[in-house]
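Proteins come first, then strands; the chains are lettered A, B, ... in the order of their sequence lines, and each starts at number 1.
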There are 2 protein chains.
Amino acid sequence: MRSHYCGSLSSENIDQEVTLCGWVDRRRDHGGVIFLDMRDREGIVQVVFDPDTEEHFRTADRVRGEYVLRIRGRVRARAGATVNANMKTGEIEVLGKELEILNESETPPFQLDDHTNVGEDVRLRYRYLDLRRPQIADKLRLRARITSVLRRYLDSQNFLDIETPILTRATPEGARDYLVPSRTHAGKFFALPQSPQLFKQLLMVSGFDRYYQIAKCFRDEDLRADRQPEFTQIDIETSFMDDKQIMAVTEGMISDLFKEVMNIDLGSFPTMKYAEAMSRFGSDKPDMRIPLEMVDVGDLMQDVEFKVFSGPAKSPDGRVAALKVPGGNEALTRKQIDEYTKFVGIYGAKGLAYIKVNDKSDLENGLQSPIVKFLPEPVRAAILDRLAAENGDLIFFGADSAKVVNEALGALRCKLGEDLKLYTCEWAPLWVVDFPMFEKDGSGNWTSLHHPFTAPSCSPEELEKAPGEALSIAYDMVLNGTELGGGSVRIHRSDMQQAVFRVLGIGPEEADEKFGFLLDALKYGAPPHGGLAFGLDRLVMLMTGAKSIRDVIAFPKTQSAACVMTDAPGTVEVKQLTELNIRLRKLEEK
Amino acid sequence: MRSHYCGSLSSENIDQEVTLCGWVDRRRDHGGVIFLDMRDREGIVQVVFDPDTEEHFRTADRVRGEYVLRIRGRVRARAGATVNANMKTGEIEVLGKELEILNESETPPFQLDDHTNVGEDVRLRYRYLDLRRPQIADKLRLRARITSVLRRYLDSQNFLDIETPILTRATPEGARDYLVPSRTHAGKFFALPQSPQLFKQLLMVSGFDRYYQIAKCFRDEDLRADRQPEFTQIDIETSFMDDKQIMAVTEGMISDLFKEVMNIDLGSFPTMKYAEAMSRFGSDKPDMRIPLEMVDVGDLMQDVEFKVFSGPAKSPDGRVAALKVPGGNEALTRKQIDEYTKFVGIYGAKGLAYIKVNDKSDLENGLQSPIVKFLPEPVRAAILDRLAAENGDLIFFGADSAKVVNEALGALRCKLGEDLKLYTCEWAPLWVVDFPMFEKDGSGNWTSLHHPFTAPSCSPEELEKAPGEALSIAYDMVLNGTELGGGSVRIHRSDMQQAVFRVLGIGPEEADEKFGFLLDALKYGAPPHGGLAFGLDRLVMLMTGAKSIRDVIAFPKTQSAACVMTDAPGTVEVKQLTELNIRLRKLEEK
């Protein structure tokens, strides 16, 4: 039906006859001539109809915004003054000769321009119109390109794309499952997968060696800004590769992706141990673009009379840490500091102590701070020394449980990085490794930091003797403070898997009930294996600069897990429920 | 961990040191030497351990079937007599120098060889072991290759891979939906998609122009041999292309696939109208490898006294057709004919009349048949003439409603093709076009032959005037009698869509309730669009020669829609149901 895309025309096409199909982005009458900005997926071009083409000019006169047209015309250069440098096709226009209206359009419920400020609910209700906006459409096009490049890389590395089931059994990932009642098995339910974890491990037991899948995963959790009920994972598993090799091949994948799609060289990814990441940045996904670091000062605070500091300093679970902002003395106003105090409150910090270093040579009066009076001069000196503070620097302090200090100062560090534009580079990738195997839950029981199939770097005996010291062979890939993906070497021996279950307090019966088929599989020649899963939605968000996960998904759900366009979820007929052997609670309670 | 795959070694590697990882396929002791057939995803190689490597020989002695090993050794040529021509690596073997047992294995519950004759239930329960069999594993590897080649083709044609939701609204495809209770919207349910039909149309309204997705689809139907609750579709939609262009681009895709993966040139696909396919082959997906055709003889039977023939011949819904089997007189025994009589009974035929042409010049005695006595000689002559029958031919007859005759003789034609090996070629692709828009259901109401969004080739007025005569702009791609895919140009104008709904007896309220968002979308500049969906599972079955759909899916469900490996569906806790606002019927009826 067409010879070119609107957006692909350029001065190379001058004097060519072209046929275009697309939408009317804008229509203007000017000096007895009709200008139509015509849009298709590749962009916009200006089409001009003048009264010489009588019949078609009359048709053009009827045309309104979002009408679907097919036009035939000749490409010509725009006159010097009318060249539009802001437009990809701004050097040319098409002199229309024929115009056919393929479909009309009512006036859309909102303007489809960049600055549309209608509520997101309306945009989601008319998602098919919102998707016409290049701001959204371009992100989905880039998403398609990203998956295409990822697949090509994985294909080239001999990974096999294998589909795993969507109708499956409740899995142990911990989040709430979406359930699907079974019609043929009364009273029983499928679960939608939170990840293909167990299936991909079974594929390794089967000998497929290198598996990948761009897999839909599901979690029935309350949604945050960057969560959706269904999300997409780049799921990878390999056999006979150690952690270093798995990291190398997946680092290669991401590097290749950035190179190919954005022409960015990420360089080689540094590796950092979990303990170091927590100590220096208060986070297991530190944003390495920000040159601020947390420094432990607990040892200096042991004996100060200021209990806010000495208490956590002496507690085994406590931490006292400082975060120096070079030049922060001038860069931050009193008001901003007050705001940061509120900000760290979100993470449970009860306050935000600080010292402004006005004159470091004058320990008595050169430090401006509400807390400095509680610190003896030798402690002041030791702090300045340890932080290598210079005049003009500002030092923030966190003193609380290590958890609160890490979260509060870790978040403050990121906020300062953003507010003060401290970024030293545009992209900072990082591997975080050597995670603890277990952490204690509220009741003091051990839980897996990753999942119970993660291999430890120690023997089963050492693991059971000191679970708190055991490290896992796990690795997270972090980019600009976002966890892009994570994975681990898995347990491939029955005895180790059972040791982990014992630490977790999962008895043989529960283990058999929940993971019997995996334990069985480990008995029949499971190879050493491991893998990784990347969050595709987050990756696309990072690469497109999207602020919301909804901008990188064609038909997203709202925060209440609904689709306002199709009105899903919806009511169903009682007959359907009867077939599924269920009924609604509400109806019954009447 | 390894230098080569077992199955990739050849005489080119002779004298090389190699490290291999894999499973023990077979172990033999012979002349004081241990032979291990070692298997990985690429194939099998023979590894020899002799007592010179003391320690490793002892380890090799411990090794049993399905143990996971890592070995180091040197590739050498096999001695002339021991070359195994049946084995890809049969010219060489590896002289083992080191052996490490990576994991042990209990004795598998069944032999993993070609001829495994254990029940499918056991194989599905230990699917991860069954997947080690090259007969299954190779099919899944080919499946991965097929999807990779398909994606590459579609990417090269500027199609965008866009994901549509799995948690969606009940769709009008007609089959039973899988439902997912919503926790946040009490009493409401998501449905799993039977296809992304409406979403892909909305993407066209959005201007994405060329969309594809390899999409999971779901149907809660009773399963036949070639059905699964979840199946995979290659889903395609385009804008501004007519039926011919859509057919050309998808024909290109399938041709390219066969060329690339199997080195088969499918040639250019012939096109046949639905009416012709039904008339000549009794099927809308005729197997064109078979040189048998149905021939109408109803006009000859109008006046015969044999009511079995004259009844259907005179009925407007009836059909009397003949199917000539050249040389069938000799090729088919009486017993076989009796079996075919039973066979057509499956399709509702009440009998299977036939005539054996012994001597066509002797109309009185040259025709051997239980029915010939009911046919006057001029009719006999006319039949022989119309069918161009020769001595030795056998002619089958069907006389019943057109539906029964088409199904019975159509199926018989395929059965004869298979039994008598009549295939004239290996691959016979075909486009079937010009389907009726509507057919009558049991109650005499019009229903869509495809779906209600299919565009007719006539105007809304003509459509409503004579729905039974309206043809759709739909097309099915058929290969060897299997429908590979089907699609249509869609309705893109509101007035046409409403005319179709009127014919279908769908009132404005029901239309709005069910498809309101699509009708809305048609108002805001929907482009002319159309598409196609291919059944990936069927395509892979055809290309791999699989007899069961379960052989081309990694983790299939049983005929009762269960996974016996993971024991899904399973029971869930009452707490979960309470959160979802549902309860079991059974519990309540106690």
Side-chain angles (χ1 to χ4, degrees), chain A residues 1 21 23 41 66 68 102-103 105-106 108 128 131-132 144 147-148 155 160-162 165-169 178 180 182-185 187-190 202 205-207 209 216 220 229-230 240 517 521 523-528 554-555 560-561 565-566 568-570 572 581-586, chain B residues 1 21 23 41 66 68 102-103 105-106 108 128 131-132 144 147-148 155 160-162 165-169 178 180 182-185 187-190 202 205-207 209 216 220 229-230 240 517 521 523-528 554-555 560-561 565-566 568-570 572 581-586:
Chain A
M1 284 199 198
C21 292
W23 286 260
R41 79 173 212 190
E66 301 308 318
V68 188
L102 296 174
N103 212 349
S105 174
E106 295 184 5
Y128 44 88
L131 287 175
R132 285 188 191 160
T147 54
S148 173
D155 287 350
L160 297 173
D161 177 9
I162 301 178
I166 298 290
L167 291 170
T168 178
R169 186 189 159 82
Y178 276 103
V180 183
S182 162
R183 181 176 54 87
T184 44
H185 300 269
K188 298 197 171 182
F189 292 79
F190 293 103
L202 292 176
V205 175
S206 296
D209 204 86
K216 270 282 171 79
D220 187 10
E230 53 184 291
F240 306 117
F517 59 101
K523 289 182 204 156
Y524 294 112
F555 299 101
S560 75
M565 179 185 71
T566 60
V572 297
N581 298 290
I582 58 172
R583 60 171 66 203
L584 297 183
R585 274 189 100 73
K586 280 206 305 187
Chain B
M1 284 196 197
C21 291
W23 285 260
R41 80 172 212 191
E66 301 308 318
V68 187
L102 296 174
N103 212 348
S105 174
E106 295 184 7
Y128 44 88
L131 287 175
R132 286 188 191 161
T147 53
S148 172
D155 287 350
L160 297 173
D161 177 8
I162 301 179
I166 298 290
L167 291 170
T168 177
R169 187 188 158 83
Y178 277 102
V180 183
S182 161
R183 181 175 56 87
T184 43
H185 300 270
K188 297 198 172 182
F189 292 79
F190 294 102
L202 293 177
V205 175
S206 296
D209 203 84
K216 269 282 171 78
D220 187 10
E230 53 184 291
F240 306 117
F517 58 101
K523 290 182 204 155
Y524 294 112
F555 299 101
S560 75
M565 179 184 72
T566 60
V572 297
N581 298 290
I582 58 172
R583 60 171 67 202
L584 298 182
R585 273 189 100 73
K586 280 207 305 188

Self-check item: Heavy-atom check, side chain of B:Phe555 versus side chain of A:Leu202, under 4.5 Å
Solution: yes
Structural part of [X] lying under 4.5 Å from a heavy atom of chain A:
X	answer
B:Lys216	side chain
B:Ser148	both
B:Thr147	side chain
B:Leu102	both

If you take all heavy atoms of [X] and [Y], which pair is closest and at what distance?
X	Y	result
B:Arg132	A:Tyr524	NH2-O, 2.6 Å
A:Val68	B:Pro528	CG1-CD, 4.4 Å
A:Ala144	B:Leu160	CB-CD2, 4.1 Å
A:Asn103	B:Ala526	ND2-O, 2.8 Å
A:Ser105	B:Gly525	CB-N, 3.5 Å
B:Ala568	A:Phe190	C-CE2, 3.9 Å

Quiz item: When heavy-atom pairs shorter than 4.5 Å are enumerated against chain A, which of B:Phe517, B:Trp23, B:Tyr128 gives the highest number?
Solution: B:Tyr128
Quiz item: What pairs with A:Lys188 under salt bridge (Lys or Arg N to Asp or Glu O under 4.0 Å), at least two apart in sequence or on another chain?
Solution: none
Quiz item: In chain order, what residues pass the side chain to side chain donor-acceptor pair (under 3.5 Å) check against B:Arg41, with sequence neighbours excluded?
Solution: none
Highest number of heavy-atom pairs under 4.5 Å with chain B: which of [options]?
options	result
A:Val205, A:Asp161, A:Thr184, A:Ile162	A:Val205
A:Pro229, A:Ser182, A:Pro108, A:Ala521	A:Ala521
A:Cys21, A:Gly570, A:Ser560	A:Gly570

Quiz item: Distance from A:Glu66 atom CD to B:Lys523 atom NZ, nearest 0.5 Å?
Solution: 16.0 Å
Quiz item: Roughly how far, to the nearest 0.5 Å, is the CZ atom of B:Arg583 from the CD1 atom of A:Ile582?
Solution: 12.5 Å
Give, as side chain, backbone, both or neither, the part of [X] having an atom under 4.5 angstrom from any heavy atom of chain B.
X	result
A:Thr566	both
A:Ile166	both
A:Asp155	side chain
A:Pro165	both

